Amino acid sequence: MSVSHLKALFNERYNPENFFLIAGPCVVEDEALLMHVAEKVSRICERLQIPYIFKASYRKANRTSISSFSGIGDVEGLDLLQKVGKTFNLPVTTDIHSAAEAAMAAAYADVLQIPAFLCRQTDILIAAAETGKVVNVKKGQFVSGEAMKFAVEKVRQAGNEKIMLTERGTTFGYQDLVVDYRNIPIMKEQGVPVIMDCTHSLQQPNQTSGVTGGNPKLIGTIAKAAIATAADGLFIETHPDPSCAKSDGANMLHLDLLEKLLEDLVRIREVVR
């Protein structure tokens with residue numbers, strides 16, 4: 001597996017013996033929230049020698065209900081995301097939702113994330129690749145691990161080798177997801193780092209309330225199994241008060257629970273590496 005782009009991304013904080021972490025609130029709500037989460041998580045990760053990418057979406061385009069919160073404004077959200085990165089010396093990532101957003105987001109973020117529903121959209125993949133930034137493609141709930149080779153090929157043929165893939169569960173009926181851990185080694189065959197999304201793989205979508213449900217008490221279970229099956233990174237959305245979060249509150253890990261979980265995961269990694 002090529003890790004040259006990880007070395008460049010994390011600089012001296014890169015530890016090839018450990019997993020890396022993508023974590024933060026689901027969406028940019030306000031500056032105070034971003035700074036609070038980034039400060040706490042970066043401190044934990046520095047102590048545990050876990051390379052860390054701060055995550056928050058500047059806008060959420062895929063919402064169940066038209067009344068759901070989608071962001072504070074594109075430029076405002078991206079400005080705050082960039083400010084977090086500079087303040088804490090962290091790489092940052094955000095979703096993009098169309099090809100037209102790629103260049104704009106790339107001016108602020110180090111990693112462009114392609115949402116699962118858009119993983120087959122050729123124009124978005126190519127536009128993200130052409131920015132030269134790291135491209136993290138989330139596996140669609142409707143796509144096999146084997147089929148993600150086509151997403152990798154699109155990014156590579158656009159001239160970008162800085163690719164990551166993220167497993168985030170597979171549709172199981174209308175209102176649930178399951179995780180097939182075979183997808184982790186299968187996607188690693190593409191020679192790219194593979195991440196386990198421990199948050200969205202526990203979603204319970206299509207609720208009649210118009211708000212996606214979730215089962216966050218199993219985040220630790222998903223994360224531990226991912227490390228045991230050689231995931232290179234973990235994606236965990238976290239919030240100091242998930243019940244008040246403006247997006248995906250039903251899936252996020254309470255910020256106070258993150259440190260103990262990461263300590264446990266580091267010990268598991270030491271055993272299986």
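The first residue of the sequence shown is numbered 1, and numbering continues consecutively from there. Small disclaimer: the values here were computed from a predicted structure and weren't measured.
Residues V27 and L253 fall within the same hydrophobic cluster, defined by Ile, Leu, Val, Met, Phe, Trp and Tyr side chains chained together at heavy-atom separations under 4.5 Å. In this structure, V28 is not a member of the same hydrophobic cluster as M252, with clusters built from ILVMFWY side-chain heavy atoms closer than 4.5 Å. Linking Ile, Leu, Val, Met, Phe, Trp and Tyr whenever their side-chain heavy atoms come within less than 4.5 Å puts L112 and V84 in one cluster.
A salt bridge does not link K138 with D95: every distance from a Lys NZ or Arg NE/NH1/NH2 to an Asp or Glu carboxylate oxygen is 4.0 Å or more. Under the 4.0 Å criterion applied to side-chain N and carboxylate O atoms, K260 and D264 are assigned as salt-bridge partners.
In F172, the CZ atom is not crowded: 12 or fewer heavy atoms of neighbouring residues, nucleotides or ligands sit closer than 6.0 Å. Counting heavy-atom neighbours within 6.0 Å of K83 NZ, excluding the residue itself, gives a total of 12 or less. A 6.0 Å sphere centred on CD of E263 holds more than 12 heavy atoms belonging to other residues, nucleotides or ligands. Open room surrounds CZ on R182; 12 or fewer heavy atoms of other groups in view lie less than 6.0 Å from it.
Judged purely by atom type and a 3.5 angstrom limit, D110 has no side-chain atom pairing as donor or acceptor with the backbone of I53. Checked by atom type and distance alone, the side chain of H239 never pairs as donor or acceptor with a backbone atom of L255 at under 3.5 Å. In terms of modelled atom types and a separation under 3.5 Å, the side chain of Y181 and the main chain of I222 share a donor-acceptor contact. In this structure, K162 contributes its side chain and G132 its backbone to a donor-acceptor pair below 3.5 Å. Remark: the backbone N or O of R59 is paired with a side-chain donor or acceptor of H97 at under 3.5 angstrom. R269 places a side-chain N or O within donor-acceptor distance of the main-chain N or O of E17, the cut-off being under 3.5 Å. Here the side chain of D123 pairs no donor or acceptor atom with the backbone of A99 at under 3.5 angstrom. The closest donor-acceptor contact from the side chain of K188 to the backbone of V194 lies at 3.5 Å or more, if one exists at all. A donor-acceptor distance shorter than 3.5 angstrom exists from the side chain of E29 to the backbone of K246, with no hydrogens or angles considered. Checked by atom type and distance alone, the side chain of H254 never pairs as donor or acceptor with a backbone atom of P242 at under 3.5 Å.
Contact annotation: the side chain of Y52 never approaches that of F10 to less than 4.5 Å [non-hydrogen atoms, C-beta and beyond]. Side chains of V92 and Y108 form no contact here, defined as non-hydrogen atoms less than 4.5 Å apart. Two residues are said to be in side-chain contact when any heavy atoms from C-beta on lie closer than 4.5 Å; F235 and I195 meet this criterion.
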Ring pair (Phe, Tyr, Trp, His ring centres under 6.0 Å) assessment of F54 paired with F88: CA-CA 10 Å; F54 180 82; F88 298 99; 8.2 Å; no
Before you tell me yes or no, could you show the steps for E167 and N183 under side-chain hydrogen bond (donor to acceptor under 3.5 Å, both in side chains), namely the whole-Å CA-CA distance, both residues' side-chain angles and the distance that decides it to 0.1 Å? CA-CA 7 Å; E167 164 64 33; N183 284 326; 3.2 Å; yes
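Closest approach of P193 to L6, counting heavy atoms only: CG-CD1, 3.8 Å. For the residue pair L81 and T94, the shortest heavy atom distance occurs at CD2-CB, 3.6 Å. Closest approach of A107 to Q82, counting heavy atoms only: O-NE2, 3.3 Å. When all heavy atoms of C119 and L125 are compared, the closest pair comes out as O-CD1, 3.3 Å.
Sorted by first and then second residue, the pairs that involve residues 146-160 and meet salt bridge (Lys or Arg N to Asp or Glu O under 4.0 Å), not counting sequence neighbours, are R156-E161.
Between the side chains of D197 and T166, no donor N or O sits under 3.5 Å from an acceptor N or O.
Remark: of the listed residues K60, R168, K55, K55 is the sole one forming a salt bridge (charged side-chain N to carboxylate O under 4.0 Å, His left out) with E237.
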